[in-house]
Amino acid sequence: IMKRIIVCEDDNRKFEGIEKTISRLFKEVEIKRVKYAKAAIIEIKENEDKYDYLIQDMQLPINSDSRIDIKGGIYVLGQLERRNFNIKYCICSSDNSSYKSMVENGYADVPFINYSSFQFSEDIKEFLES
């Protein structure tokens with residue numbers, strides 16, 4: 001079964017790591033990358049039936065011309081909740097302060113994958129098989 005994934009990640013090295021891991025775990029995969037928060041929402045809104053999963057960074061620009069925002073991921077989670085898109089999503093971040101921010105903002109139930117964890121590969125596989 002084809003896995004159709006959108007990855008919202010502004011860091012090139014981290015995106016490449018995510019892409020390589022997913023491509024190694026699954027043979028049939030289609031990955032689209034966006035680099036800022038609003039681009040993720042626009043892409044999903046315009047192509048909702050095209051994606052099954054969103055892997056979302058926490059700290060990234062909200063707009064194409066803005067700086068990294070520690071709540072970029074929270075912005076996306078809020079938009080996903082309000083718009084009720086039919087897509088499974090998780091936060092993939094390399095710092096625990098991102099998870100703390102999710103909890104503080106009422107998103108403790110959203111899957112959190114620690115990019116820098118030794119379990120990263122298993123965690124992303126588990127998310128994409130759910």
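Everything numeric here is computed off the predicted structure, so don't read it as measured data.
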**Student:** Can you name the nearest heavy-atom pair linking K35 to N12, along with the distance?
**Tutor:**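 Where K35 meets N12 most closely, the heavy atoms are NZ-OD1, 4.2 Å.
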**Student:** Work out which heavy atom in V110 is nearest to a heavy atom in C90; give both atom names and the distance.
**Tutor:**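 Distance-wise, the nearest heavy atoms are CG1-CA, 4.2 Å.
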**Student:** Testing the basics here: between I62 and G72, what is the closest heavy-atom pair and its distance to 0.1 Å?
**Tutor:**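 Scanning both residues, the minimum pair turns out to be CG1-CA, 4.0 Å.
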**Student:** Quick one: side chain to side chain contact (heavy atoms under 4.5 Å, CB included) partners of E126, sequence neighbours excluded?
**Tutor:**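 E126 satisfies side chain to side chain contact (heavy atoms under 4.5 Å, CB included) with no other residue.
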**Student:** Look up atom CD in Q119 and atom CD1 in I124, then write down how far apart they are to the nearest 0.5 Å.
**Tutor:**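 Between atom CD of Q119 and atom CD1 of I124 there are 13.0 Å.
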**Student:** Within a strict 4.5 Å, meaning less than it, do heavy atoms of the L60 and V76 side chains meet?
**Tutor:**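 Side-chain contact under 4.5 Å: no.
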**Student:** For a 4.5 angstrom cut-off between non-hydrogen side-chain atoms, does I70 reach S101?
**Tutor:**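 The answer is no; the side chains never approach within 4.5 Å.
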**Student:** Which residue pairs pass the ring-ring contact (aromatic ring centres under 6.0 Å, His included) test with at least one member in residues 13-48, sequence neighbours excluded?
**Tutor:**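 The answer is none; no pair qualifies.
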**Student:** Look up atom CD1 in I41 and atom SG in C8, then write down how far apart they are to the nearest 0.5 Å.
**Tutor:**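 Going from CD1 on I41 over to SG on C8, the span is 8.5 Å.
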**Student:** In sequence, state the C-alpha distance, the side-chain angles, and the governing distance for K71 and N105, and then conclude on side chain to side chain contact (heavy atoms under 4.5 Å, CB included).
**Tutor:** CA-CA 10 Å; K71 295 216 175 178; N105 287 278; 3.6 Å; yes
**Student:** With no hydrogens and no angle check, is any side-chain donor or acceptor of K125 less than 3.5 Å from a backbone partner on L25?
**Tutor:**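 Between the backbone of L25 and the side chain of K125 there is no qualifying donor-acceptor contact (under 3.5 Å).
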**Student:** Determine the minimum heavy-atom distance between S94 and S116, stating which atoms define it.
**Tutor:**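 Scanning both residues, the minimum pair turns out to be O-OG, 3.3 Å.
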**Student:** Could you tell me if the side chain of V29 sits less than 4.5 Å from the side chain of L128, heavy atoms only?
**Tutor:**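 A side-chain contact is absent here, since even the closest heavy-atom pair is not under 4.5 Å.
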**Student:** Tell me which pairs pass side chain to side chain donor-acceptor pair (under 3.5 Å) where either residue lies in residues 47-57, with sequence neighbours left out.
**Tutor:**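 Pairs touching residues 47-57 that pass the test: R4-D52, K14-D57, E43-N47, E43-Y51.
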**Student:** I need the I55 CD1 to I31 CD1 distance, nearest 0.5 Å.
**Tutor:**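 Rounded to the nearest 0.5 Å, the CD1-CD1 separation comes to 7.0 Å.
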**Student:** Kindly check if the number of other-residue, nucleotide or ligand heavy atoms within 6.0 Å of CG (D109) is above 12?
**Tutor:**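 Counting other residues, nucleotides and ligands, CG of D109 exceeds 12 neighbours.
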**Student:** Using side chain to side chain donor-acceptor pair (under 3.5 Å) as the criterion, list what pairs up with S66, not counting sequence neighbours.
**Tutor:**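 Listed in chain order: nothing, the list is empty.
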**Student:** I need the Y107 OH to E81 CD distance, nearest 0.5 Å.
**Tutor:**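 That separation rounds to 4.0 Å.
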**Student:** Applying the 4.5 Å side-chain criterion to the ILVMFWY set and letting contacts propagate, would L54 and M102 be lumped into a single cluster?
**Tutor:**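 Same cluster: L54 reaches M102 through Ile, Leu, Val, Met, Phe, Trp or Tyr contacts under 4.5 Å.
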**Student:** Within a strict 4.5 Å, meaning less than it, do heavy atoms of the S97 and M58 side chains meet?
**Tutor:**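 No - every pair of side-chain heavy atoms lies 4.5 Å or more apart.
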**Student:** Hey, does I6 have a side-chain heavy atom less than 4.5 Å from the side chain of I87?
**Tutor:**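 Of all side-chain heavy-atom pairs linking I6 with I87, at least one is under 4.5 Å.
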**Student:** Using the side chain to side chain contact (heavy atoms under 4.5 Å, CB included) rule, take K3 and I22 through it: C-alpha gap first, then chi angles, then the decisive distance, then the call.
**Tutor:** CA-CA 10 Å; K3 304 263 184 222; I22 293 170; 5.9 Å; no
**Student:** Only pairs at least two apart or in different chains count here, so list each ring-ring contact (aromatic ring centres under 6.0 Å, His included) that has a residue in residues 70-98.
**Tutor:**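 Of all non-adjacent pairs touching residues 70-98, none passes ring-ring contact (aromatic ring centres under 6.0 Å, His included).
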**Student:** Might you point out which heavy atoms bring A39 and V34 nearest each other, and give the distance in Å?
**Tutor:**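 Answer, listing the atom of A39 first, then V34: CB-CB, 3.8 Å.
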**Student:** In Å, rounded to the nearest 0.5 Å, how long is the span from CD1 of I42 to CD of Q79?
**Tutor:**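 One finds 10.0 Å between CD1 of I42 and CD of Q79.
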**Student:** With sequence neighbours left out, what residues match F112 under ring-ring contact (aromatic ring centres under 6.0 Å, His included)?
**Tutor:**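 Partners of F112 under the ring-ring contact (aromatic ring centres under 6.0 Å, His included) test: Y99.
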**Student:** Is there a donor-acceptor pair closer than 3.5 Å between any side-chain N or O of S23 and the backbone N or O of K20?
**Tutor:**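 Side chain of S23 to backbone of K20: no pair is present.
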**Student:** Shortest non-hydrogen contact from N114 to N96?
**Tutor:**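 Minimum heavy-atom separation between N114 and N96: ND2-OD1, 3.6 Å.
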**Student:** What distance separates D11 CG from I68 CD1, expressed to the nearest 0.5 Å?
**Tutor:**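 That separation rounds to 8.0 Å.
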